[in-house]
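The structure displayed is predicted, hence computed values, not measured ones. Counting convention: from 1, in listed order, for ligands and their atoms alike.
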Amino acid sequence: MPLSHRVPVDDRDAQLEVNPMYAGIADVGIPRYELPRGELPPSLAAQIVRDELMLDGNARLNLATFVTTWMEPDAAALLAECADKNMVDRDEYPQTAEIERRCVNILARMWNAPEEGGAAVGCSTTGSSEAAMLGGLSLKWRWRAGRGAVGLPTDRPNIVMGANVQVCWDKFCRYFDVEPRLVPLARGRRHLTATEAVHHCDERTIGVVGVLGSTFDGSYEPIAEMARELDALAASGGPDVPIHVDAASGGFVAPFLDPDLHWDFRLARVASINASGHKYGLVYPGVGWIVWRDEAALPRDLVFSVDYLGGSEATFALNFSRPGAPIVAQYYNFLRLGRDGYERVQRATRDVARRIASGIGALGPFELLTHAEHIPVFAFRVRDDVTRYSVYDVSRALRERGWLVPAYPLPPALGDVHVLRVVVRNGFSADLGDQLVTDLRHAVTELERQAAPLSEPDAAFHH
Ligand SMILES: *Cc1c(COP(=O)(O)O)cnc(C)c1O
């Protein structure tokens, strides 16, 4: 439950139990859930906060998250130096704005936006979720304008996507009143296929979302095939449906490791692409990107002009103020790594993922659903003939060693398939990977002693 609730009034007076070494100050009492009356010396306040944070997990043993948990010290220093920069304040920080522009240019070229026939446009966001909202809104506005222009009804828009989409797309639909046309999964089909996508489109479809790097198993959806079949649909007099590619992870992997795979603006039907700078873009949390293939793909009335910071600026974003530091760090990575560096890092990461996957596959009780074929992510399940423990038991047993490997059911209609998932990120070495496999082997030996599965699905796990 991500929302924080007010504690009951009886607990309101609960005080922080501080170490008696912090003597003197502790006597005044520090309320836990209320703004303290007095001040504390900075070092003491910082120490108390650090003590609280001690119980947070070790981020690098967290194989659940896609988000960057290690950056070079130079990047960390740059981030600290830029902590005060507000991205929206382009007049105050014109060079940060220029750096954002360079990043958008780099990404537009990395994703093969056409050089002719109108320039690509794009912007940074807080992450892929905000970028998805902007991409979805563009599709909705374009569809409505197109329909309105020829006098057709503009109510009840829908968007076609696999049931495996990340929760940000469910949010988009709910927040912006678009019907989610979720294509159910099926045996042997764990993401959206071209045939299913086309089958679910009608004249009220604002777009198809193709996922490059499915959250549930790391697989790429067949974007080129979707484009081809949607082209055929339009050519046969059917609706002309654009594609938005949710390349949250794959947008920073495919260009380096799968350069011949056509999923990006090389496909004329791809109108926009989002990616998370803070996933395989290799930046700490707080940056995402969206690029539209040309200005026509971004309706003008979604863009606001603001002039109260000095100078007039066009903005398309859900937030106003936003940290500039992660954008600077993204640019640092682009300069520091270049094409070769990104390729080297992503290849090493994917190699480690494949090595762990093979190790797990060889243990015996597990069946791999994916093998890090695409992004450095794979999912596996316990074989049907394993009756003494579940994926949830395995997840819990690994947690005892400090590893965070989530277990969850697949989306409809594969909800009876329960899987574990490993996300390998930069900074996770082959040695650590081997240790994980060893710990998993020991965990399995322990779990064999159980009579039956003990742990249940963890309702608190969200993607
Ligand atoms: C992580 C992810 C998102 C959400 O991205 P954030 O940057 O965390 O907001 C959206 N789609 C996919 C496919 C993802 O993997």
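- Checking Thr69 against Arg425 by side-chain atom types alone, a donor-acceptor pair falls below 3.5 Å.
- There is no side-chain donor-acceptor pair under 3.5 Å between Asn426 and Tyr280.
- Both tests pass for Arg144 against the ring of Trp141: distance under 6.0 Å to the centre and angle within 45° of the axis.
- Taking CD of Gln330 as the start and SG of Cys103 as the end, the distance is 5.5 Å to the nearest 0.5 Å.
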Less than 3.5 Å apart, N/O on ligand 1 and N/O on the protein: could you list those pairs with the distances?
from: ligand 1; atom 1: 7 (O); to: Ser128; atom 2: N; distance (Å): 2.7
from: ligand 1; atom 1: 7 (O); to: Ser276; atom 2: OG; distance (Å): 2.8
from: ligand 1; atom 1: 7 (O); to: His278; atom 2: NE2; distance (Å): 2.6
from: ligand 1; atom 1: 9 (O); to: Ser128; atom 2: N; distance (Å): 3.4
from: ligand 1; atom 1: 9 (O); to: Ser129; atom 2: N; distance (Å): 2.9
from: ligand 1; atom 1: 9 (O); to: Ser129; atom 2: OG; distance (Å): 2.6
from: ligand 1; atom 1: 11 (N); to: Asp246; atom 2: OD1; distance (Å): 3.3
from: ligand 1; atom 1: 11 (N); to: Asp246; atom 2: OD2; distance (Å): 2.6
from: ligand 1; atom 1: 15 (O); to: Lys279; atom 2: NZ; distance (Å): 2.7

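- Between the side chains of Asp246 and Trp169, at least one donor N or O sits under 3.5 Å from an acceptor N or O.
- A salt bridge is defined here as a Lys NZ or Arg NE, NH1 or NH2 lying under 4.0 Å from an Asp or Glu carboxylate O, and Arg102 with Glu100 fails to meet this definition.
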